[in-house]
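So that the names make sense, note that chain A is the first sequence line, chain B the second, and so on, each numbered from 1. For clarity, every value in this text was computed on a predicted model and none was experimentally measured.
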Amino acid sequence: MSDYKRILVTAALPYANGPVHIGHLAGCYLPADIYVRYQRAQKRDVKFVGGSDEHGVPITIRAMKEGITPQQVVDKYHAIIKESMEQMGISFDIYSRTSNKVHHETSQDFFKNLYDKNLFEEKVTEQFYDEKAKTFLADRYITGTCPVCANPNAYGDQCEKCGSSLSPEQLINPRSTLSDAVPVKKETKHWYFPLQHYEAWLKEWIIDGHKEWKNNVYGQCKSWLDNGLQSRAMTRDSSWGIKVPLPDAEGKVLYVWFDAPIGYISATKELTENWADYWCKDDTKLVHFIGKDNIVFHCIIFPAMLKAHGNFVLPDNVPANEFLNIEGDKVSTSRNWAVWVHEYIKDFPGCEDVLRYVLCSNAPETKDNDFTWKGFQDANNSELASIFGNFVNRTFVLMHKLCGGKVPKLYEEMMDDKDRQIIADIKAAKEKVENLIEQYKFRDALFEVIDLSRKGNKYMQEKEPWIVAKSLAENADAQKSIDNCLHICLQLTANLAILINPFLPNTAKKMLGMMKVVDKMLEWQNAGSINLLSVGYSLRAPEILFRKIEDSEITTQIEKLKSGLVKPVQEPTSDKPQVTSDNSQETTEEKAVASNVKPEIVYDDFAKLDLKVGKIVAAEKVEKADKLLKLSVDLGFETRTIVSGIALHFKPEDIVGKQVVIVANLAPRKMRGIESNGMILMAEDAGGKLHFINPEQDINPGAGVS
RNA sequence: GGCGAGGUAGCUCAGUUGGUAAGAGCGCAGGAUUCAUAACCCUGAGGUCAGGAGUUCAAAUCUCCUUCUCGCUACCA
């Protein structure tokens, strides 16, 4: 690893369809940034590239919904994302975007290169086509009535109401979201990349050659390779994206996953004219930081593309992180269950490093982890502030009180085992942090930094210079003892600045200010030294590095999170796995409701429904079905069997005796072998919980509802 | 129901190829202290390593069964 001449670090391109949340930071951008800052401190040749991913179907759909152009959508979110990254100190050497001209050219050249080598398969398939809009329709562009749950707004690939995965053929009354036209089948040609041709090579490269990759990454690759690879279409019918650079490819663009990783190359081109050094020389170490949902693209597909092209280096490592949950629940952009970075920055100004600390110390490196606001508070108050911050502060305060505000002398002849031990600890900490970062174990590395400050506190406590100071009059050596302690504590503080710098750069900066030293001191080679601050040098007054986070702030955040929660709206999710959200924080409840109202009907349509009040007289779980309950409902004139998918919300014994409203004239339907005669009406609250619709008081079963 | 991953101290997690390690941080309790952001320092309680069976001289660590959790998937409003 040391024979690399240069390092190229990429971080997954965030999808420009929404802002970034803390899960993105924890999973990808923060570890990448820590790694890069560390490498820079090592004075290694490192470049850190990233940018917004701006193509793909979800962006066109969002544009359509908001009545703006796709370009306007990506312009908006690119700006927000870029600003969040900057404010959080994610120190890209370049943060580009895939709508740039250089990226279009690079991607097209790449495609053309493979095409000219005859590495694609051309296949003609039938796809749905909108004759009014004169365009092919991705499955997502087709809506219709769900054959399973009768939701009239199901998408061609999935019904978001009932979760069924569908194909457009299954939809009842399919129509185009573009023009409302009825889609027709039409032949279309696409270019497929035969991944199976690279299977043997990939196995050798990964399974045999990269056993050091993280378990989650290696395991997932192995599973993909064991299951066999297939050709994948690398083009799409769309107007938004990078045009396929072939004469007979009108209306076709590159598949967003073909062009997105090439964005790393384009960004490097924009960054430096020596870009080829980073991409084409074998002594470059290429590292992709991503979330776990990107593993297959970065470990299988993109390397196969690079291999096919032939002139590029392959990733040395792909340290993918798992996901970060929030307060025990999975992040959901559509439910707005997320902590948005730009909002955090507004709510906790000047506390960017605190978030970096919490996200790193609790990073989902080996498995999904949970972010809680209480945990955030605890980590800040009892680790950052009380241990690290307090050590620095008491060192400075004592130095001003007992050493005249100057770095005191170190009397070597007076040094004892404790002094020698803490100095050894400083040197050891440097080694440990360094090794852990090189192994992408950022959580452990950060722990070692905090642990060093913990040792500092212990050392100072044992030396108790404030006690020694009481004997200054009678003890000639007292001042020397004090000087030695504070000399070492100050050198330790300087070391802490160097070690914490990759993790908490703003904090390191503040510490430099207090010590009146220049940035150069932060170079990694200085770590482990106890000659960083010159004897006699006068230092500034301490500055509180981390304030305490109050209970009220935590309560506010938890309330904000809960009140912001919205019911899932009919919002398209991405057609590609991605590290980013596809929903904006502006999804308000009103908007959700407004956009959710079905098309107008006349009274006669309503009158067709026969709604009646019934009483549940028996309920039991349906075998081999998680969600189904078999209910017997008394309608006065008869007792019916109704199968209802509410088992996750209610226990059978709890709902016997409840009155409910049912649709009495719904056509019977068999589920799990049981015929269901009707449907129970349910309301779903913002939290996704179901509630019965029933009369205020018990009334006679069979009563009509209108 | 199928596939995958996982259940280790109150919480968040480490535990490498089976052998004196059942651990860390936080939290909690007690003590000590006051230079310091009511901080620091010391001590302590706490776990039948989900449960059961098996392999072994030896299992948190391997095998099987049960159970629970999470993800994908199936049934569904």
Side-chain angles (χ1 to χ4, degrees), chain A residues 146 148-151 159 161-165 215-216 219-220 223 227 292-293 322-323 325 328-330 358 361-372 374-375 377-402 441 443-444 446-447 450-451 453-470 482 485-486 489 542-549 622-629 642-650 662-663 666 669-674 676 679-684 688 690-692:
Chain A
C146 175
V148 180
C149 73
N151 162 27
C159 173
K161 195 81 184 285
C162 69
S164 308
S165 46
N215 286 338
N216 55 344
Q220 200 171 128
S223 147
N227 287 328
K292 69 173 168 186
D293 51 352
E322 303 280 302
F323 288 149
N325 294 328
D329 274 329
K330 200 183 148 176
V358 175
S361 63
N362 192 30
E365 286 179 5
T366 53
K367 60 180 172 188
D368 289 0
N369 256 355
D370 197 29
F371 173 92
T372 63
K374 185 78 180 82
Q377 182 190 28
D378 280 346
N380 177 76
N381 291 1
S382 59
E383 291 172 23
L384 261 191
S386 296
I387 298 180
F388 187 101
N390 185 43
F391 171 74
V392 173
N393 186 55
R394 66 199 295 214
T395 295
F396 266 70
V397 169
L398 275 178
M399 179 270 298
H400 280 286
K401 283 189 180 173
L402 304 178
K441 295 183 175 175
R443 201 170 56 185
D444 292 343
L446 180 53
F447 176 83
I450 298 300
D451 203 47
S453 60
R454 186 175 284 119
K455 290 189 172 98
N457 275 319
K458 184 179 164 79
Y459 167 77
M460 188 185 281
Q461 198 67 32
E462 287 168 348
K463 288 283 171 177
E464 47 188 17
W466 54 93
I467 302 289
V468 178
K470 291 177 181 167
I482 292 169
C485 173
L486 283 161
C489 286
E543 183 183 344
I544 294 295
L545 293 176
F546 308 101
R547 67 174 182 85
K548 292 290 175 74
I549 305 282
V622 175
E623 290 279 322
K624 300 188 180 181
D626 292 345
K627 298 183 184 175
L628 299 185
L629 288 186
I642 295 179
V643 178
S644 183
I646 56 175
L648 296 179
H649 297 83
F650 303 98
I662 71 160
V663 181
L666 188 69
R669 184 183 151 85
K670 268 198 170 181
M671 292 180 236
R672 280 276 148 192
I674 303 164
S676 177
M679 187 170 115
I680 311 275
L681 296 191
M682 307 293 296
E684 187 178 350
L690 296 182
H691 302 267
F692 287 108

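- Nearest to the side-chain atoms of N457(A) among the listed nucleotides C26(B), C41(B), C35(B) stands C41(B).
- The nucleotide whose nearest atom lies closest to any side-chain atom of I467(A) is, among G27(B), U34(B), C35(B), U34(B).
- If you take NZ of K374(A) and P of C26(B), they are 14 Å apart, rounded to a whole angstrom.
- Within 4.0 Å (heavy atoms only), I387(A) reaches sugar-phosphate atoms of the nucleic acid but no base atom.
- Base contact: K548(A) has a heavy atom under 4.0 Å from a base atom.
- Residue F546(A) is classed as a base contact, given a heavy-atom separation below 4.0 Å to a base.
- Here the side chain of N390(A) is nearest to one of C40(B), U34(B), C26(B), namely C40(B).
- Here the nucleotide nearest the side chain of W466(A), chosen from U37(B), U33(B), C40(B), is U33(B).
- Rounded to a whole Å, the CG atom of N380(A) is 14 Å from the P atom of C26(B).
- A58(B) is unpaired under the criterion used here, namely a Watson-Crick or G-U wobble arrangement in which both key atom distances are under 3.5 Å.
- Distances were taken from every side-chain heavy atom of I544(A) (C-beta onward) to each of A39(B), C35(B), U37(B); the shortest belongs to U37(B).
- Across the strands present, C76(B) finds no partner; the criterion is a Watson-Crick or G-U wobble pair with both atom distances under 3.5 angstrom.
- Residue G389(A) is classed as a base contact, given a heavy-atom separation below 4.0 Å to a base.
- The separation between E464(A) atom CD and A36(B) atom P is 15 Å, rounded to whole Å.
- Residue contacts shown for N362(A) are limited to sugar-phosphate atoms, with no base heavy atom under 4.0 Å away.
- Nearest to the side chain of K458(A), among C35(B), C26(B), C42(B), sits C42(B).
- Nearest nucleotide to the side chain of R454(A), out of U37(B), C35(B), C41(B): C41(B).
- Counting any heavy atom pair closer than 4.0 Å across all strands shown, E383(A) reaches sugar-phosphate atoms only and no base atom.
- Picking from U37(B), C40(B), A77(B) the nucleotide with the shortest atom distance to the side chain of M679(A) gives A77(B).
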